[in-house]
Peer 1: 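Structure provided below as structure tokens; questions to follow.
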Amino acid sequence: MDTITTKLSSEEIFNLMKQFITEVIGEEFVEEMDITPESSFTKDLEMDSIEIVSFSEKIKAHFGEQIDFTGWLSSMDLDQLINLNLGMIISYIEECQS
Amino acid sequence: MPIITVNGKSVHIQELNKGATETIVLVHGMFSNLSVYYFNIAPLLATKYHVVLYDLKSHGMSEKALEGYDLESMTNDLFALMEVLNLQKVHLGGYSFGGLIALKMAIRFPERINKLAIIEAPDPNDDKTRGIIDEYSREFLEHYVENFTDTTKVKMGKRQMERNHRMYEYLFYQTSIKTDMELEKDFFGSPAIETIKQSTLLLYGTDSNCLNAGKHLDGMIKNASLIAIPGDHNIPIQQPLVIAEALLNFFQEI
């Protein structure tokens, strides 16, 4: 698995997240969406729980032990998970890198 | 995405804390997938244990199968998965239909199962339980579209609805799941349940239709203890941390 250690800018993280989302839900669906940092996973991107598992796995595979993504998610309650958006993940990854 | 081959079929698994000495395997319920444990329950258990989650056949990201939804076949699958992962003896937990699979494992392979945790396993002979499959097929989509999905509490969008609809259509009308389940209706009346020797935790919702099934198991399994948790059949989604802590305490008890 690729594990990178270089620090990414928020734009680079955003583009990486978009790439992961495309891989998980398929290009044909992503083309119809306007993905922004405000996009929420469940409401805007319509990702279901098993797709979010796939997305989480991609983050873990990419960043390795640099971040504890599942641990971070597990600290959230249901409402927080529902409202989770891309910007929150970008901020979290940036924090872990600093 | 870890996919392994078990009994000739692709199975999606997730493993946490592989280095731990003891392993917990968790089995999800019908029409669900391993995500019911992945976000809250598994990470807490993984602070102490190696945790293995897998998607049942035709569920989540595991390969589809037309047949083999009876408890014998489902436990054959789990046994084979344990062989592939080289797991000699595990703690086993199961939710709803996964709880029935866990019970059957303890009956068939007692030497491979350490402690047993059963969450909301329904009595297959209960009218309400037997009706669940029909109810699901009739009401699931409209109910879920109007209300919430099982794990995300958000109205389904078009793509999600289509995905779920495809899964239900497949399971109900193409596989043997309904007839296989019908054949299990005497499972709770079987003397085999009384042969379960493992220390067994029964977790049921105080408002669940299945609470009586939990009481029944409590009476049949010698080393069982029943804990009622506020909520209904969906307690792992409603109270994930309460469930996780109850499981962790139970598995850690000496």
Side-chain angles (χ1 to χ4, degrees), chain A residues 1-2 19-35 38-65 67-86 88-89 92, chain B residues 1-3 12-17 28 31-47 51 53-56 58-62 144-145 148-167 231 234 236-242 244-245:
Chain A
M1 292 196 181
D2 300 336
Q19 180 197 320
F20 290 163
I21 291 163
T22 307
E23 287 168 8
V24 170
I25 68 176
E27 210 159 325
E28 69 271 29
F29 295 110
V30 171
E31 277 170 4
E32 296 169 8
M33 293 173 181
D34 180 23
I35 300 180
E38 284 74 42
S39 299
S40 76
F41 281 80
T42 48
K43 219 179 292 175
D44 299 323
L45 303 178
E46 293 189 15
M47 286 170 77
D48 64 21
S49 51
I50 199 72
E51 289 172 331
I52 298 174
V53 170
S54 287
F55 175 80
S56 307
E57 288 301 302
K58 286 181 184 295
I59 290 185
K60 280 157 72 174
H62 190 90
F63 290 96
E65 290 179 2
I67 68 164
D68 177 16
F69 190 63
T70 327
W72 180 62
L73 289 179
S74 71
S75 66
M76 296 183 186
D77 64 27
L78 201 54
D79 289 328
Q80 287 172 309
L81 273 175
I82 289 164
N83 293 318
L84 185 67
N85 67 30
L86 269 177
M88 291 157 75
I89 296 181
Y92 171 68
Chain B
M1 186 174 75
I3 298 282
H12 171 221
I13 64 162
Q14 291 289 338
E15 287 185 87
L16 292 82
N17 191 12
H28 69 76
F31 316 117
S32 178
N33 57 60
L34 59 75
S35 68
V36 73
Y37 300 117
Y38 181 88
F39 295 107
N40 296 102
I41 295 171
L44 187 69
L45 296 177
T47 57
V51 179
L53 314 175
Y54 72 106
D55 280 335
L56 298 173
S58 306
H59 292 74
M61 291 187 281
S62 286
Y144 268 40
V145 171
F148 309 111
T149 67
D150 60 343
T151 48
T152 52
K153 208 176 147 189
V154 161
K155 285 188 181 180
M156 262 193 218
K158 188 165 169 278
R159 191 176 63 83
Q160 279 173 293
M161 197 170 84
E162 283 172 0
R163 263 168 61 93
N164 276 284
H165 188 67
R166 275 200 301 275
M167 179 181 77
N234 296 307
I237 293 133
Q238 293 160 341
Q239 306 262 22
L241 290 178
V242 175
E245 279 164 14

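Convention: sequence-line order gives letters A, B, ...; per-chain numbering from 1.
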Peer 1: Which answer fits A:Leu84, side chain, backbone, both or neither, if we ask what part of it has an atom under 4.5 Å from a heavy atom of chain B?
Peer 2: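 Neither the backbone nor the side chain of A:Leu84 comes within 4.5 Å of chain B.
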Peer 1: So how far is it from A:Glu51 CD to B:Met61 CE, rounded to the nearest 0.5 Å?
Peer 2: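 One gets 8.5 Å once the value is rounded to the nearest 0.5 Å.
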Peer 1: Which bit of A:Ser75 is near chain B, if near means a heavy-atom gap under 4.5 Å: side chain, backbone, both or neither?
Peer 2: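 Neither part, no heavy atoms under 4.5 Å.
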Peer 1: How close do A:Val53 and B:Gln14 get, heavy atom to heavy atom, and via which atoms?
Peer 2: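 Shortest heavy-atom separation between A:Val53 and B:Gln14 comes out as CG1-NE2, 3.9 Å.
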Peer 1: For A:Glu28, look at atom CD and say whether over 12 heavy atoms of other residues, nucleotides or ligands are found less than 6.0 Å away.
Peer 2: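 Buried by this count: over 12 neighbours within 6.0 Å.
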Peer 1: Between A:Ile50 and B:Gly60, what is the shortest heavy-atom contact and its length?
Peer 2: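 Minimum heavy-atom separation between A:Ile50 and B:Gly60: CG1-CA, 4.1 Å.
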Peer 1: Does A:Thr70 reach the side chain of B:Tyr38, with side-chain heavy atoms less than 4.5 Å apart?
Peer 2: yes
Peer 1: Do the side chains of A:Ser74 and B:Leu44 get nearer than 4.5 Å, heavy atoms only?
Peer 2: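 Not touching, per the 4.5 Å side-chain cut-off.
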